There are 2 protein chains.
Amino acid sequence: MYQQVARVRHDGGMSRQPKYRQVADALRREIDNGTHPPGARLPSESELSERFEASRNTVRSGLGLLVSQGLVTSSQGLGYEVAKHEVFELNASRFENLNFEQNGDAYSTDVTNAGRRPHQTFRVEILPAPAAVAERLKAEPESRTVLRFCHRFVDDTPWSTQATYYPSWLIDEAPRLAEPGDIEEGTTRYLADRGIEQVGYFDEISTRMPTPDEARLLEVGAGVPVLLWMRTGYSAERPIRCTITTLRGDLNRMNYEIGDQSARGEGAPR
Amino acid sequence: MYQQVARVRHDGGMSRQPKYRQVADALRREIDNGTHPPGARLPSESELSERFEASRNTVRSGLGLLVSQGLVTSSQGLGYEVAKHEVFELNASRFENLNFEQNGDAYSTDVTNAGRRPHQTFRVEILPAPAAVAERLKAEPESRTVLRFCHRFVDDTPWSTQATYYPSWLIDEAPRLAEPGDIEEGTTRYLADRGIEQVGYFDEISTRMPTPDEARLLEVGAGVPVLLWMRTGYSAERPIRCTITTLRGDLNRMNYEIGDQSARGEGAPR
DNA sequence: TAGTGGTCTAGACCACCTC
DNA sequence: AGGTGGTCTAGACCACTAC
């Protein structure tokens, strides 16, 4: 029953990949060279098991590698499918994007222009500042902040979440921030009208695998990292907001235009 | 021998996590709350197997989840260890960083200031432009480009790779770009001295799991994504370079300073 | 040499989807 | 009903590390 006793090396001592890696590498090559185009179904585990003369579990290990690299997805009862990605560009340096609500609009417009259907849910909360936010807002840890939270979809696919925190002192000057409804004219304009103008921002970008919570909200499978984008906005005197955007790494790309872009032209990199 | 027959649900029909997820969740909680601090060894597979009344393979599946989320690492003969990360900040918007070679110096300086030992290997190649690069340099696909490639380490830990492509027309005006040695004064100054001034750049940032090649160069285990940073630099007339930086996602964070930063102060977010 | 993780197998049963 | 992936087990042997 246990065949390990009979296992031998046929490679004359050459260092060799374990079998599950061979399976993964072979399938990866076939995906790269178009044998299995994006969206195609892969052969079933039992077929692959025969083809590679490996147990089903070994084949599963190999497939698991590909899944964890975001190359294929799997679903029960259906099989394995080659992942296909349509990346959305997100311009992070245009002045318009200083405006959170308008940013949302820009997002809706972009998505609609791409022939897709945008959708978002929105809520407002008052809660103690998370440590990272308090630090950036130069506020006391645990001090009260208003959170305006946005969960964005494209064609019912979760795309990103955006959490903007405002310090409590700002609420006194701009009370509508703490009210649940949309702010028609956009929060930035609303703030500007009250004499609070955002003159600059500081962006921080990092990546990691999603936490279980994020995986749930963004419905990302194993093997898809998230892009974390943290923007702290400043008036001339002090920080006025901190926006944390969590983007599905497989669906988003950010860009910044710095300096003179006149030579970039229109047919610029999509 | 096979106990599945005897397996029953004790949850009265409530939806329940599979056992390997319970293992992962329990360990994740213990890591989060400090029971297993960064750098600590986790109990061995057999100990966990007893504790959770699960087979070794099931425990392995759970640990595999944590590894694939970058929370723990494993090594043969040693055991599982809680990952500890020290993130390096990378300022992508300061003018100095327009200068590739000087960027390298800035990196060396930063690393040295942090009490770590920087190290890099460097090579120059002439090769056809990859499609993405040709597009950004507005050059014919497959047209000749000079690649200046840099592999960076901190304390012998691979940190990032940086590949800068220059279009062939530039080589005629700045032949030293194609020579293997360092350019003492920095490539940007060298180019500026020859009348080619970089007046702006376009940055694109994305994330994904590393390819096998990248995993090898950066020595990242499963569960660590890479940050991809593509910078296209322009003179007033046309693109002059395209730099692709691949950063270990667990060790790097990028930032951009846009607009007036006077309110950010010095004790700014680390 | 003992203990750790790494690979692999054979087989059982479950949950989901399609027909 | 039949096929697909998902979970789980028990056990074998290998490779690496520490002592």
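In what follows, every heavy atom counts, from backbone to side chain, and hydrogens, waters and symmetry copies are set aside. So that the names make sense, note that chain A is the first sequence line, chain B the second, and so on, each numbered from 1. No experiment lies behind these values; they were computed from the predicted model shown.
- In the model, A:Thr58 has a side-chain atom that pairs as donor or acceptor with a side-chain atom of A:Ser55 under 3.5 Å.
- Under the 30°/60° scheme for interplanar angles, the aromatic rings of B:Tyr256 and A:Tyr256 are found to lie parallel.
- For B:Glu30, the CD atom sits in a packed shell: over 12 heavy atoms of surrounding residues, nucleotides or ligands are nearer than 6.0 Å.
- We find that NZ of A:Lys19 is positioned 16 Å from P of D:dC13, with the value rounded to whole Å.
- In this model, no side-chain donor or acceptor of B:Arg21 finds a partner on the base of D:dG6 within 3.5 Å.
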Hey, mind stepping through B:Gln69 and A:Arg208 against side chain to side chain donor-acceptor pair (under 3.5 Å) and telling me if it holds? CA-CA 8 Å; B:Gln69 288 162 5; A:Arg208 57 168 165 70; over 6 Å; no
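- Side-chain atoms of B:Ser55 lie closest to D:dT9 of the nucleotides D:dT9, D:dG5, C:dT9.
- One atom, CZ of A:Arg60, and another, C1' of C:dA10, lie 15 Å apart when rounded to the nearest Å.
- For B:Asp32 and B:Arg29, the salt-bridge test fails: no basic side-chain N is under 4.0 Å from an acidic carboxylate O.
- Using a 4.0 Å cut-off between a side-chain N of Lys or Arg and a carboxylate O of Asp or Glu, A:Glu89 and A:Arg253 qualify as a salt bridge.
- A close approach under 4.0 Å does not occur between any side-chain nitrogen or oxygen of A:Arg56 and OP1 or OP2 of C:dG11.
- Within 6.0 Å of CD in A:Glu86 there are 12 or fewer heavy atoms belonging to other residues, nucleotides or ligands.
- Using a 4.0 Å cut-off between charged side-chain N and carboxylate O, B:Arg248 and B:Glu219 make no salt bridge.
- Taking every heavy atom of residues 61-84 of chain B and every atom of DNA chain D, pairs under 4.0 Å involve B:Gln76, B:Gly77, B:Leu78, by number.
- Interface residues of residues 37-53 of chain B facing DNA chain C, ordered by number: B:Ser44, B:Glu45, B:Ser46; criterion, heavy-atom separation under 4.0 Å.
- For B:Asn57 and D:dG11, a side-chain-to-base donor-acceptor distance below 3.5 Å is present, hydrogens and geometry of angles not being considered.
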